[in-house]
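Any value given below was found using the heavy atoms of this structure, including those in side chains, with hydrogens, waters and symmetry copies removed.
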Number of protein chains: 2
Amino acid sequence: MIEKTLQILQIDNIDLQILSILMNDATTPYTEIAKELVVSSGTVHVRMKKLQELGIVTGSNLLINPQKIGYDVCAFIGIYLQKGSEYHDAVKKMQDIPEVVELHYTTGVYSMFAKVVCRDTNHLRAVLNEKLQAIEGIQRTETIISLEESIKRQISLEDYIEAGKKK
Amino acid sequence: MIEKTLQILQIDNIDLQILSILMNDATTPYTEIAKELVVSSGTVHVRMKKLQELGIVTGSNLLINPQKIGYDVCAFIGIYLQKGSEYHDAVKKMQDIPEVVELHYTTGVYSMFAKVVCRDTNHLRAVLNEKLQAIEGIQRTETIISLEESIKRQISLEDYIEAGKKK
DNA sequence: GTTGAAAAGTGCTGCGA
DNA sequence: TCGCAGCACTTTTCAAC
């Protein structure tokens with residue numbers, strides 16, 4: 001089943017290994033990747049261009065430690081909407097709240113589920129009371145505060161790479 | 001209060017603006033940043049080195065679209081542990097489950113809260129039944145499936161940059 | 001701490017296989 | 001389609017301010 005996906009996507013093991021390396025460090029020089037995979041740097045370049053055109057690679061970003069710049073509080077907020085249909089309006093308003101770093105439309109008890117990053121608990125309270133509760137259609141929220149983020153990573157491509165090797 | 005944080009961290013507006021640019025695209029050349037901020041590329045280089053040494057910048061990664069490589073299902077899992085003290089053992093075992101991309105130790109009804117990315121609902125079920133439930137100490141889980149990720153971004157440094165300007 | 005330029009290394013492109 | 005080689009650009013360093 002994994003092999004099938006790879007065929008549909010038209011990507012092979014070299015593509016996957018390039019992705020795997022760059023997902024850990026987007027600044028890895030192409031020459032170094034080329035050396036590791038025993039291909040030319042031109043090949044790495046062509047593959048990356050293809051992956052970008054296919055929309056698999058969407059960009060790159062710098063990872064910063066939010067705590068080190070004074071953003072100490074991370075929380076998840078379950079949001080109850082008065083009607084599910086109000087979701088798209090609510091999304092637009094949530095866009096304007098910079099503290100909201102993720103927003104999902106979900107199954108289960110909540111209509112929406114947000115991840116927010118704040119400086120401290122006061123800041124969190126301000127976001128909840130002044131920003132979120134002010135949005136029309138939001139009925140009620142439930143907050144889960146993260147005391148420690150123990151794992152933070154991207155999905156692994158190992159399974160795919162293994163599957164590709166067997167083929 | 002924001003100004004205070006900046007002083008403690010020993011970072012100024014130039015640092016913040018460099019971060020802000022690179023957070024959106026980690027591959028932006030230093031020369032281009034230098035032009036935009038009207039400083040030399042050497043300065044940008046020195047600042048970035050400092051930010052890395054301070055632990056503010058922790059790395060960079062390539063953003064990929066999980067759906068494009070067949071990872072269609074994103075879910076949040078609230079986990080009840082038999083005892084809260086079992087958290088650190090559970091974390092170690094969760095590390096070995098590649099589908100778990102985030103793990104938090106939380107307040108509220110759940111002991112732990114995880115974000116998982118799977119290929120499809122079957123895959124998610126396999127992770128829940130075969131991997132998570134097999135971990136000793138995990139009593140029960142509650143799953144929230146994300147039907148749509150409407151917002152996905154990093155924290156904004158705009159507030160800090162504004163505060164720095166006023167000063 | 002910043003600058004500007006020089007040296008080293010990397011990214012990109014076209015040609016050949 | 002892939003690999004090789006050359007040019008342009010970027011990174012990095014360093015002496016001078």
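- Following rounding to the nearest Å, B:Glu32 (CD) and D:dA8 (C1') show an atom-to-atom distance of 16 Å.
- Close to C:dC12, at under 4.0 Å from its OP1 or OP2, lies a side-chain N or O of A:His45.
- In this model, the phosphate group of D:dT12 is not approached by any side-chain N or O of B:Ser41 to a distance below 4.0 Å at OP1 or OP2.
- Nearest-nucleotide mapping onto DNA chain C: of B:Ile14 and A:Thr28, the residue sitting toward the 5' end is B:Ile14.
- As a whole-Å value, the separation of A:Tyr30 OH from C:dT13 C1' is 14 Å.
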Exercise for the section: Would you please test B:Ile151 and A:Val101 for side-chain contact (heavy atoms from CB on, under 4.5 Å) and show each step? Expected result: CA-CA 7 Å; B:Ile151 298 178; A:Val101 295; over 6 Å; no
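- Taking atom NZ of residue B:Lys35 and atom C1' of nucleotide D:dT11, one finds them 15 Å apart after rounding to whole Å.
- Distance from the side chain of A:Pro29 is smallest for C:dG11 among the nucleotides C:dG11, D:dG3, D:dT10.
- Regarding A:Lys49, its NZ atom lies at a distance of 12 Å from the C1' atom of C:dG11, rounded to whole Å.
- Between the B:Ser111 side chain and the B:Leu81 main chain, a donor and an acceptor come within less than 3.5 Å of each other.
- Within the nucleic acid shown, B:Val46 has no heavy atom closer than 4.0 Å to any nucleic acid atom.
- Distance B:Leu37 CG to C:dT2 C1': 14 Å, rounded to the nearest Å.
- C:dT10 atom C1' lies 14 Å from atom CG of A:Leu22, rounded to whole Å.
- Checked by atom type and distance alone, the side chain of A:Arg153 never pairs as donor or acceptor with a backbone atom of A:Asn24 at under 3.5 Å.
- Look at CG on B:Asp12: it is 10 Å from P on C:dG1, rounded to the nearest Å.
- For A:Asn13 and D:dC2, the CG to P distance is 14 Å, given to the nearest whole Å.
- Taking side-chain N and O atoms only, B:Arg47 has no distance below 4.0 Å to OP1 or OP2 of C:dG1.
- The backbone N or O of A:Gln17 sits nowhere less than 3.5 Å from a side-chain atom of A:Glu36 that would complete a donor-acceptor pair.
- Distances were taken from every side-chain heavy atom of B:Thr31 (C-beta onward) to each of D:dT10, C:dG11, D:dG3; the shortest belongs to D:dT10.
- No donor-acceptor contact under 3.5 angstrom links the side chains of B:Tyr71 and B:Glu99, judged on distance only.
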